[in-house]
Engineer: 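Provided herewith is a single structure, encoded as structure tokens, for subsequent inquiry.
The structure displayed is predicted, hence computed values, not measured ones.
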Amino acid sequence: MFLEPKPNIEHLVKCCKDGQRKAQEMLYKQFAAKMLGVCMRYATDKMEAEDMLQNGFIKVFQKIADYRGDGSFEGWVRRIMVHSSIEYYRRHHKMMQVVDVDEAGYEPSVNAAASSSLEAKDLLVLIKALSPGYRMVFNLYAIDGYSHKEIAEIVGISEGASKSQLSRARAILKERILKIDNEKYGYAG
């Protein structure tokens, strides 16, 4: 059986810049599954994530002429998906309640040994269960690598509120991880 090689990204990007529909389709097919995963982290359900994905790809194709080849194309697409997902969230949901960092309180770190039994898919389920505001800031900071300053600009909150939301999200995750470990192994938490 003969398999066609994966198309070269640079070539696909050039063809997309020239407005070639087939290249857009191929680019979409190459990145859709990964980017749906990005959108799922910000969505309330799969249908909403699919809407975010479609909106994100519309923006990718509208802005593709701006892509200069600095850094990976996938990273550029991922950044558009994150921004598009947050924009979608803002339009369709009430914005989160924010607590300033001074009100957040102290948050001890998670015991690595106690949480070692947790698999990535289980952690993603716990993250998905966070309230939308906490989930958004946690994803932006811990998974997508944005700074608190960048998060504040993207989400429209203060840096202190971003830090507070992250702190609270981590505390909730820690509590839920310890509860799971207590149920599994009888640890005292």
Engineer: I'd like to check the ring-ring contact (aromatic ring centres under 6.0 Å, His included) partners of Y28; sequence neighbours left out, ordered by chain and number.
Structural biologist: F57
Engineer: Please answer: with hydrophobic residues joined when any side-chain heavy atoms are less than 4.5 Å apart, are L36 and I58 in the same cluster?
Structural biologist: no
Engineer: I'd like to know if the side chain of D18 reaches the main chain of Q20, judged simply by a donor and an acceptor atom lying under 3.5 Å from each other, with no hydrogens or angles considered.
Structural biologist: no
Engineer: Do the side-chain N and O atoms of Q165 and R168 include a donor-acceptor pair separated by under 3.5 angstrom?
Structural biologist: no
Engineer: Counting distance only, does the side-chain N/O of E150 pair as donor-acceptor with the main-chain N or O of Y146 below 3.5 Å?
Structural biologist: no
Engineer: Using a 4.5 Å cut-off on heavy atoms from C-beta on, say whether the side chain of I86 contacts that of L140.
Structural biologist: yes
Engineer: Salt-bridged, E74 to R78, with N to O below 4.0 Å?
Structural biologist: yes
Engineer: With sequence neighbours excluded, give me every ring-ring contact (aromatic ring centres under 6.0 Å, His included) pair touching residues 147-171.
Structural biologist: Y141-H148
Engineer: Under the ring-ring contact (aromatic ring centres under 6.0 Å, His included) rule, collect the residues that match up with F73, sequence neighbours excluded.
Structural biologist: F31, Y67, W76
Engineer: For K29, is there an ion pair with E25 - N to carboxylate O distance below 4.0 angstrom?
Structural biologist: yes
Engineer: Give every residue pair that meets the salt bridge (Lys or Arg N to Asp or Glu O under 4.0 Å) criterion with at least one member in residues 53-64, sequence neighbours excluded.
Structural biologist: K59-E87
Engineer: Could you name each residue pair satisfying salt bridge (Lys or Arg N to Asp or Glu O under 4.0 Å) that touches residues 123-136, not counting sequence neighbours?
Structural biologist: none
Engineer: Taking only residues two or more places apart in sequence or in another chain, which ones pass salt bridge (charged side-chain N to carboxylate O under 4.0 Å, His left out) with R176?
Structural biologist: none
Engineer: Is a side-chain donor or acceptor of S164 paired with a backbone partner of G160 at a separation under 3.5 angstrom?
Structural biologist: no
